[in-house]
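Positions are given from 1 along the sequence. These numbers were taken from a predicted model, which means no experiment stands behind them.
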Amino acid sequence: MLGYKRSDRVGDQIRLEIADILSRRMKDPRVGFVTLTTVNVTADLKQAWVYVTVLQEGAQANEAIATLGRATGFIRGELGRRLKLRYVPELKFVRDTSVDQVRKVMALLDEVTGQGTRADASGEGGDSSRCTIDPDAASNEEGR
């Protein structure tokens, strides 16, 4: 069982339980639609960072994270009833920005590919702007 620590297993279980608590027990409409992506737990299992992606944008997203922060007592109480741990970790909800970063990269890629197809379709650019790859040369480079 090398490489899979107890804190990782506890974090996964906490993520599942919090997701269930938010979907079934929490009735606050300010939370909206949130997805728990990861839970990082310290080795002593006393603190946990819960990474959350929020469907809303701007102020509504900040309000959802703040509402989760105010509900930590309720969520910790539910976790205490569901999990058999000596200490229920102190929870800190953090907005996961990785989805936003992926959106930005995809938008940049769409922009770049959109410009490339427009130049090819309009006939501009000529042969000097095109990059051609010789498959035989590429295979010869791999053999070195």
> Stepwise, does the side chain to side chain contact (heavy atoms under 4.5 Å, CB included) test hold for Ile18 with Ile14?
Replying inline: CA-CA 6 Å; Ile18 291 176; Ile14 288 173; 3.5 Å; yes
> Can you hop from Val102 to Val105 via hydrophobic side chains spaced under 4.5 Å?
Replying inline: yes
> Transitively linked via ILVMFWY side-chain contacts under 4.5 Å: Phe74 with Val50?
Replying inline: yes
>> Run the side chain to side chain contact (heavy atoms under 4.5 Å, CB included) test on Val52 and Arg95 for me, step by step, so that the C-alpha distance in whole Å, both residues' side-chain angles and the decisive distance to 0.1 Å come before the verdict.
In response: CA-CA 5 Å; Val52 179; Arg95 185 171 182 192; over 6 Å; no
> Is the count of non-hydrogen atoms from other residues, nucleotides or ligands lying under 6.0 Å from Arg70 atom CZ greater than 12?
Replying inline: yes
> Considering only heavy atoms from C-beta outward, does the side chain of Met26 approach that of Glu78 to under 4.5 Å?
Replying inline: no
> Side chains of Leu68 and Leu91: closer than 4.5 Å at any heavy-atom pair?
Replying inline: no
> Is the closest basic N to carboxylate O distance between Asp28 and Arg30 below 4.0 Å?
Replying inline: yes
>> Salt bridge or not between Arg82 and Asp20? Use side-chain N to carboxylate O under 4.0 Å.
In response: yes
Ignoring hydrogens, what is the shortest heavy-atom contact between [X] and [Y]? Give both atom names and the distance.
{"X": "Ile21", "Y": "Leu79", "result": "CD1-N, 4.1 Å"}
{"X": "Leu83", "Y": "Glu17", "result": "CD2-CG, 4.0 Å"}
{"X": "Val31", "Y": "Val34", "result": "O-CG1, 3.5 Å"}
{"X": "Phe33", "Y": "Gln56", "result": "N-NE2, 3.6 Å"}

>> Less than 3.5 Å apart, any donor N or O on the side chain of Thr53 or Asp96 sitting next to an acceptor on the other?
In response: no
>> Applying side-chain contact (heavy atoms from CB on, under 4.5 Å), can you list everything that pairs with Ser7, at least two apart in sequence or on another chain?
In response: Lys5, Val41, Leu45
> Would Glu57 and Arg103 satisfy salt bridge (Lys or Arg N to Asp or Glu O under 4.0 Å), going step by step from the backbone distance to the final call?
Replying inline: CA-CA 13 Å; Glu57 296 291 327; Arg103 285 182 190 153; 3.3 Å; yes
> Given the rule in the side chain to side chain contact (heavy atoms under 4.5 Å, CB included) test, do Trp49 and Thr42 qualify, once you have shown the distances and angles that lead to the verdict?
Replying inline: CA-CA 9 Å; Trp49 289 268; Thr42 57; 3.5 Å; yes
> Do Lys27 side-chain atoms and Arg24 backbone N/O form a donor-acceptor pair below 3.5 Å?
Replying inline: yes
> How far does CG of Asp8 sit from CD of Gln13, to the nearest 0.5 angstrom?
Replying inline: 13.5 Å
> CG of Leu22 to CG of Leu36: how many Å apart, nearest 0.5 Å?
Replying inline: 5.5 Å
> Under the side chain to side chain contact (heavy atoms under 4.5 Å, CB included) criterion, do Val39 and Tyr51 qualify, and how do the steps go?
Replying inline: CA-CA 6 Å; Val39 176; Tyr51 291 91; over 6 Å; no
